[in-house]
Colleague: 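The structure under discussion is supplied below as structure tokens; questions concerning it will follow.
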Amino acid sequence: MKRILSLALALALPAVAATPRPTPTDDLVFEGARVVDGTGAPWFVADVSVKDGKIAAIGRLDRRPARRRIDARGLVVAPGFIDLLGQSEYNVLVDPRAASKITQGITTEVTGEGVSIAPLNQTLIDDSKDVYKKYGVWPDWRTLDGYFRTLERRGTAVNMGTFIGSGGLRAYVVGRENRAATSAEIAAMSALLEQGMREGALGISSSLQYIPNIYSSTEELVALAKVAAAHGGAYFTHQRSESSRIDSSLDEVFRIAREAKIRAQIWHLKTAYKPNWGRMAEVLAKIAAARAEGLDVSANQYPYNRASNGLDACLPPWVREGGREALLKRLADAATRERVKSDMARETTDWENQYLGSGGAEGVMVAAVLSDALKKYEGRTIAGIAQDEKKDPRDALIDLVIADRANAACIIAIMDEKDVRTALANPLVSFGTDSEAKATDGPFSKEYSHPRGWGSAARILGHYVRDEKVLSLEEAIRKMTSFAAASAGLQDRGILRPGFAADLAVFDPKTVRDVATFEDPNRYSEGFRYVAVNGVLVVDGGKLTGKTPGKALRGPGSPRRATLQPGFVLIGPARRG
């Protein structure tokens, strides 16, 4: 009887359908794209989907639900480019859009050349007070973790990772005097670096042409590099010489890599000044020989034959010892000024004489100045300024250094195009702009700049890949993505793979080009239709969206370092052709 009643009850109740599994809905799908995955492998045609800031799938995804589908036929989808020397750590706090970078497909910056955004003490803050006062953003941090928290609270359109600068550590502990660090001071610098590595630094850096890093001994650098290596970090360097002493400078890089057992990369590789033009193949052979020895060394470059740095770097190092205020005080003395002018005109191997190496006043162009009263000098050569003002060119340069309180920057003609091409074609040379992010509007729009900050990636893809065929599209993208990520130690960027961060550069290979020039630099690159940072479009249909989805990218020593997420499926390439 119980069995009959149970059967009758079951027949009387409506059938309960099995609960369907929820259908995954992607945020975004690029359809029919030419996928260049960043590994150097040949391109293939596929769809690329994005979900929750990650690449969700690659393959034929026409049946995969998505909130938005974009027709990418004829476009290249590549990993977002990694600028290995971005210099925007302060700029993005003032203007978070990083417009000049994202409009050329750059989604991640690595920074911290010699002097980094942290750690800071009051002396270092005071040294940069002119900049803070002009742009209105004063540091509310002292440590790297504090900076990262400020960065993410304020928002940024690009991801930011940084090295700890050994020059900054020296200024923090030793000061800017020309003397060796004591063992106690090296221990203090090492402790600061240890903290920085645990807070997410990518490693230790140096900028050995500039005060105070110029005073760092090789032994001091090895000691710091060992601390970074213990946390899986790297050593990146603006090496001690890029001109007449480049052989011994390379040997120092190799020694640090060897003794510290650390991965090393040379920033903005060049053979500077006319007597060294044509030596790039020899320099690259030395790097290859070091790798054959077992040293993990490589380099990066920007694709231009003019460099840029502080105008005061045209002056001999002895007058710059002690920092900004000491320099300005010395230049106020007539006898000291004459000695400076004499040194500027003298051939020497004792220091990197960029004034003479540029061919003199005609090869030095004034770039950005901090003082609005000096804007009339931007974009002009020292030779032209001196002629108009009826001055010795060296006096014109020194007067500008004084008037802008050693804040002015310059562009210098010191490289040969053939050497630039030789480096660009080499598989061991990656990519960096060596420039801050700016925009055609907003707080940085009135500043003159180097075109490399606006067009480096586009110049490689348009001029050197498509037009000049110096290297293939796949190889160029490998150098700007997976190779750059591996060099800096970024584990979830630089390759199009499910589970990796959805940093994407989507461009038209037929129209991509740089339009920034030395005469008219503040112009966005063309051909980039879409750029995504962590799955959010910061460029949509060629237009800036103003969104700020960038993240602080912490290095291997940080417990807060992001890790790859499981559960994403590679559907596989489709429609190859």
Side-chain angles (χ1 to χ4, degrees), residues 87-94 111-154 160 162-201 204-207 210-216 220 223-224 227-228 310 312-313 317 319-332 370-371 401-402 404-409 436 443 552:
Q87 308 280 28
S88 300
E89 60 270 35
Y90 179 75
N91 281 37
V92 293
L93 301 181
V94 178
T111 188
E113 183 194 9
V115 176
S116 48
I117 196 73
L120 292 178
N121 60 12
Q122 194 57 49
T123 298
L124 295 178
I125 292 172
D126 290 344
D127 192 54
S128 297
K129 64 184 179 183
D130 294 346
V131 173
Y132 302 148
K133 184 180 295 184
K134 176 166 184 175
Y135 296 111
V137 178
W138 289 78
D140 61 358
W141 67 89
R142 295 297 182 271
T143 64
L144 182 57
D145 183 64
Y147 167 73
F148 281 154
R149 291 174 186 274
T150 294
L151 177 73
E152 293 186 324
R153 183 179 70 252
R154 296 178 71 97
M160 296 291 297
T162 186
F163 284 80
I164 296 290
S166 59
L169 296 180
R170 204 170 213 279
Y172 189 115
V173 174
V174 181
R176 301 182 185 277
E177 292 74 33
N178 182 3
R179 67 173 178 84
T182 66
S183 57
E185 288 167 337
I186 292 175
M189 288 188 280
S190 296
L192 287 169
L193 176 58
E194 176 81 26
Q195 179 181 349
M197 293 301 300
R198 293 188 183 281
E199 292 178 349
I204 183 70
S205 73
S206 65
S207 188
Y210 303 113
I211 309 296
N213 236 172
I214 194 172
Y215 310 132
S216 299
E220 177 184 317
L224 293 172
V227 175
D312 64 310
V319 78
R320 291 179 275 140
E321 181 184 349
R324 186 189 317 277
E325 301 302 332
L327 165 65
L328 296 174
K329 183 177 180 180
R330 291 190 187 102
L331 291 178
L370 196 63
S371 170
V401 169
I402 294 171
D404 208 36
R405 289 183 42 78
N407 286 302
E436 311 94 330

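Excluded from the calculations below are hydrogen atoms, water molecules and symmetry mates; all remaining heavy atoms, backbone and side chain alike, are included.
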Colleague: Does any non-hydrogen side-chain atom of S205 lie less than 4.5 Å from one of I164?
Modeller: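 No; the side chains remain at least 4.5 Å from each other.
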
Colleague: For the residue pair M160 and F148, what are the closest heavy atoms and their distance?
Modeller: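 The answer is O-CE2, 4.1 Å.
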
Colleague: Test side chain to side chain donor-acceptor pair (under 3.5 Å) on S206 and N213; report intermediate values, then the result.
Modeller: CA-CA 7 Å; S206 65; N213 236 172; 4.8 Å; no

Colleague: So, taking the atom named OG1 in T162 and the one named CD in E89, what distance separates them when rounded to the nearest 0.5 Å?
Modeller: 6.0 Å

Colleague: Could you measure the distance from the CH2 atom of W141 to the CD1 atom of I125? Nearest 0.5 Å is fine.
Modeller: 8.0 Å

Colleague: Which heavy atom of Y215 sits nearest to which heavy atom of N178, and what is that distance?
Modeller: CD2-OD1, 3.2 Å

Colleague: Can you name the side chain to side chain contact (heavy atoms under 4.5 Å, CB included) partners of V115, sequence neighbours left out?
Modeller: none

Colleague: Check whether any side-chain heavy atom of L327 lies under 4.5 Å from a side-chain heavy atom of I211, and answer yes or no.
Modeller: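 Sidechains of I211 and L327: no contact.
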
Colleague: CG/L93 to OH/Y147 distance, rounded to the nearest 0.5 angstrom?
Modeller: 5.0 Å

Colleague: Does some side-chain heavy atom of M189 sit less than 4.5 Å from a side-chain heavy atom of V174?
Modeller: yes

Colleague: Report the distance from atom CZ of R176 to atom CD1 of I214, rounding to the nearest 0.5 Å.
Modeller: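 Here the rounded value is 13.0 Å.
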
Colleague: Do R198 and D145 touch side chain to side chain, with heavy atoms closer than 4.5 Å?
Modeller: no

Colleague: Of all heavy-atom pairs between L193 and A228, which one has the smallest distance, and what is that distance?
Modeller: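 Heavy atoms only, the tightest pair is CD2-N, 4.1 Å.
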
Colleague: Verify the neighbour count for atom NZ of K329: are there more than 12 heavy atoms of other residues, nucleotides or ligands below 6.0 Å?
Modeller: no

Colleague: If every non-hydrogen atom of G200 is compared with every non-hydrogen atom of L144, which pair is closest and at what distance?
Modeller: C-CD2, 3.9 Å

Colleague: Does the side chain of L151 reach to within under 4.5 Å of the side chain of V92, using non-hydrogen atoms?
Modeller: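 They are in contact (side-chain heavy atoms under 4.5 Å apart), so the answer is yes.
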
Colleague: With a 3.5 Å distance limit and no angle check, can you tell me whether Y90 reaches the backbone of E436 through a side-chain donor-acceptor pair?
Modeller: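 Checking the backbone N and O of E436 against the side chain of Y90, no donor-acceptor pair under 3.5 Å is found.
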
Colleague: Are the side chain of S88 and the backbone N or O of N91 linked by a donor-acceptor pair below 3.5 Å?
Modeller: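 Absent.
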
Colleague: Using modelled atom types only, decide if a donor and an acceptor are shared between the side chain of R405 and the backbone of S371 within a distance under 3.5 Å.
Modeller: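 No, the answer is negative, given that no donor and acceptor are paired below the 3.5 Å cut-off.
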
Colleague: Could you go through the salt bridge (charged side-chain N to carboxylate O under 4.0 Å, His left out) check for R153 and D140 one step at a time?
Modeller: CA-CA 12 Å; R153 183 179 70 252; D140 61 358; 2.8 Å; yes

Colleague: Give a yes or no answer on whether the side chain of T143 reaches the backbone of P119 with a donor-acceptor pair at less than 3.5 Å.
Modeller: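 Checked: no pair found.
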
Colleague: Grab the two heavy atoms, one from V401 and one from L328, that are nearest each other, plus how far apart they are.
Modeller: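 For V401 and L328, the tightest heavy-atom pair comes out as O-CD2, 4.0 Å.
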
Colleague: In sequence, state the C-alpha distance, the side-chain angles, and the governing distance for L331 and V319, and then conclude on side chain to side chain contact (heavy atoms under 4.5 Å, CB included).
Modeller: CA-CA 8 Å; L331 291 178; V319 78; 4.1 Å; yes

Colleague: Taking the side chain from S116 and the backbone from G165, do they hold a donor-acceptor pair closer than 3.5 Å?
Modeller: yes

Colleague: For residues R170 and E177, determine if any side-chain heavy atom of one lies less than 4.5 Å from a side-chain heavy atom of the other.
Modeller: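 The answer is no, as the side chains (C-beta and beyond) never meet within the 4.5 Å cut-off.
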
Colleague: Could you grab the distance from atom OH of Y210 to atom CD of E113, nearest 0.5 Å is fine?
Modeller: 7.0 Å

Colleague: Would you compute the distance between atom CG of L169 and atom CG of L192 and round it to the nearest 0.5 angstrom?
Modeller: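 Rounded to the nearest 0.5 Å, the CG-CG separation comes to 6.0 Å.
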
Colleague: Under the criterion side chain to side chain contact (heavy atoms under 4.5 Å, CB included), I'd like the reasoning laid out for E185 against E220: C-alpha separation, chi angles, the key distance, then a yes or no.
Modeller: CA-CA 10 Å; E185 288 167 337; E220 177 184 317; over 6 Å; no

Colleague: Between K134 and D130, does any NZ, NE, NH1 or NH2 come within less than 4.0 Å of an OD or OE carboxylate oxygen?
Modeller: no

